[in-house]
Every structure is written in C-alpha cells, then in structure tokens.
Amino acid sequence: MIDIRRSRPVYAMLFFLIAFTGLYGCKRAEKENASIMDDIPAEVGGAAAPFTIKTFAGDEISLEKLKGKVVVINFFASWCGPCRDEAPSLQRLYLKYRNSGVEFVGIAVQDSVEGAARFVKHYGWTLPAGLDEGGDIARAYRISGVPKTCVIGKDGRVLYAHTGTISEEGLDEEIKKAL
C-alpha cells in the first residue's frame with residue numbers, strides 16, 4: 001500500500017516539472033513564431049499584402065490591379081454566425097459604392113469551395129468572392145478569427161482592420177474616410 005503522505009513531495013515535484021516544461025515550450029514557440037510574424041506586413045498603416053484570388057464566378061482578382069481604388073476585403077466563412085449577420089450589409093454597401101471607385105472582395109477562409117459558394121449564393125452576393133484555398137492570404141492578413149474586414153486605401157496601405165461583426169454604418173464611415 002502507498003502512503004500518500006510520503007508521496008506528496010514526489011507528486012508536487014512532478015507537477016512542477018510538467019508545468020515548467022509546458023511553459024518553457026510555449027515561450028520557445030512564441031519566440032520562434034515572432035521571427036515568422038516579423039515578415040508579415042503590418043496591419044493598419046502598413047502596406048496591404050498582395051494577393052490574387054479566383055472568384056466563384058471564374059474571374060481572377062489581384063490586389064495589385066486594384067491599386068488606385070479603395071478596396072474593402074471581407075474575410076468570412078460559411079460556418080460563421082457573425083459572417084451571416086453582416087453578409088446583407090456588405091452586399092448593400094457593395095451596391096452603394098460599386099460605381100464610386102470602391103472595390104469589394106470576399107475571401108472565404110477555412111472553408112470548402114461548396115460551403116463558401118453556397119454562402120455567397122444564399123446571401124445574394126454579387127460582390128466578387130473566392131476561396132483562400134491554401135490559407136496564404138489569411139496568414140498575410142493575420143486572420144485570427146472571422147469575420148474580419150479591412151479597408152485598403154488608394155495607395156495600397158491598410159487604413160482600417162476590424163475582427164468581428166462590423167455594422168453597416170461603421171463600415172460606411174470607414175469607406176467615406178478612405179475616399
């Protein structure tokens with residue numbers, strides 16, 4: 001039979017070693033990832049990361065080709081509740097600004113082609129949208145959650161970035177500032 005009173009110091013030492021090892025491993029991973037994150041463009045105020053995406057309509061959109069225009073990028077996923085909430089607002093703003101030098105791009109992340117295309121159809125999006133198949137665009141824009149909306153200025157710099165549901169009025173104000 002094990003005498004638990006004599007085993008407490010052993011259990012305490014094991015607990016300490018396990019906890020210390022876990023903390024050291026997390027800190028080490030943070031340091032390793034920090035150098036990777038240094039290569040990613042800054043968010044607000046920094047240059048927008050270039051990308052090219054094929055839309056569900058079969059067109060190809062390149063951020064480089066949109067330079068000189070205000071660009072609204074919305075990162076979404078078909079499984080995302082808040083993305084569904086803001087989808088109608090994005091379509092309305094797209095229709096409002098499409099002839100005003102403002103381009104919209106919907107980019108589905110961590111999703112399937114079928115799911116994202118179904119989302120676009122369900123919400124009647126006519127704004128260009130496509131799937132970030134490899135996740136490169138999401139990494140470049142530091143997507144930690146969806147929805148995320150970015151406003152890119154005519155000079156190609158990120159003017160605004162917001163993670164979470166954005167109100168129609170809030171996004172409208174950010175677009176007006178960019179114009």
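Every value quoted in this text rests on a predicted model; they were computed, and no experiment measured them.
- The hydrophobic cluster containing Val44 also contains Tyr141, counting ILVMFWY residues as joined when their side-chain heavy atoms lie under 4.5 angstrom apart, directly or transitively.
- In terms of heavy atoms, Leu131 sits closest to Ala108 at CD1-O, 3.4 Å.
- Residues Tyr123 and Ala87 approach most closely at CG-CB, 3.6 Å, considering heavy atoms.
- Results of the side chain to side chain contact (heavy atoms under 4.5 Å, CB included) test with Val72 over Leu171, Leu93, Leu127 single out Leu171 as the only residue that passes.
- For the salt bridge (charged side-chain N to carboxylate O under 4.0 Å, His left out) test, residues two or more places apart in sequence or in another chain that qualify with Arg92 are Glu168.
- For CD of Gln110, the number of neighbouring non-hydrogen atoms (other residues, nucleotides, ligands) closer than 6.0 Å is 12 at most.
- Shown here are the side chain to side chain contact (heavy atoms under 4.5 Å, CB included) partners of Glu60, two or more places apart in sequence or in another chain: Thr52.
- A heavy-atom distance below 4.5 Å is found between the side chains of Thr126 and Leu95.
- Contacts of Phe51 classified as ring-ring contact (aromatic ring centres under 6.0 Å, His included), with partners at least two apart in sequence or in another chain: none.
- The distance from the CZ atom of Arg118 to the OG atom of Ser112 is 6.5 Å, given to the nearest 0.5 Å.
- Ala129 and Val120 make their closest contact through CB-CG2, 3.9 Å (heavy atoms, listed as atom of the first residue, atom of the second, distance).
- Contact check for Ile143 versus Ile137: no side-chain heavy atoms found under the 4.5 Å cut-off.
- Counting only heavy atoms from C-beta outward, the side chains of Lys176 and Tyr97 approach each other to under 4.5 Å.
- Judged by distance alone, the side chain of Thr55 and the main-chain N or O of Ala57 form a donor-acceptor pair under 3.5 Å.
- A 4.5 Å side-chain heavy-atom check between Phe76 and Leu90 finds every atom pair outside the cut-off.
- When the side chains of ILVMFWY residues are joined at heavy-atom separations under 4.5 Å, either directly or via intervening members, Val158 and Ile73 end up in a single hydrophobic cluster.
- Residues satisfying the ring-ring contact (aromatic ring centres under 6.0 Å, His included) test with Tyr160, not counting sequence neighbours, are none.
- Note on Ile175 and Leu159: separate hydrophobic clusters, where clusters join Ile, Leu, Val, Met, Phe, Trp and Tyr whose side-chain heavy atoms are under 4.5 Å apart, directly or indirectly.
- Note on Phe119 and Val105: separate hydrophobic clusters, where clusters join Ile, Leu, Val, Met, Phe, Trp and Tyr whose side-chain heavy atoms are under 4.5 Å apart, directly or indirectly.
- Between atom NZ of residue Lys54 and atom CG of residue Asp132 there is a gap of 15.0 Å, rounded to the nearest 0.5 Å.
- In this structure, Ser100 and Leu179 approach most closely via the heavy-atom pair O-CD2, 3.8 Å.
- In this structure, Arg139 and Asp136 have side chains that are in contact, with non-hydrogen atoms separated by less than 4.5 Å.
- Within the structure, side-chain hydrogen bond (donor to acceptor under 3.5 Å, both in side chains) pairs that include any residue of residues 64-87 comprise Lys69-Glu103, Asn74-Glu86, Asn74-Thr149, Ser78-Asp111 (at least two apart or interchain).
- Judged as a side chain to side chain donor-acceptor pair (under 3.5 Å), and not counting sequence neighbours, Tyr94 has no contacts.
- For the pair Asp172/Lys96, a side-chain contact is recorded, criterion being any heavy-atom separation below 4.5 Å from C-beta on.
- Atoms CD and CD1, on Glu173 and Ile166 in that order, are 10.5 Å from each other to the nearest 0.5 Å.
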message: Test side chain to side chain contact (heavy atoms under 4.5 Å, CB included) on Leu66 and Ile152; report intermediate values, then the result.
response: CA-CA 10 Å; Leu66 299 177; Ile152 313 300; over 6 Å; no

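- Contact record, Thr165 with His162: O-NE2, 3.2 Å, taken as the closest heavy-atom pair.
- Put simply, CZ on Arg142 and SG on Cys150 are 11.5 Å apart, with the number rounded to the nearest 0.5 Å.
- Checked against the 6.0 Å centroid criterion, the rings of Phe56 and Trp125 do not qualify as a close aromatic pair.
- Scanning both residues, Thr163 and Gly145, for their nearest heavy atoms gives CG2-O, 3.7 Å.
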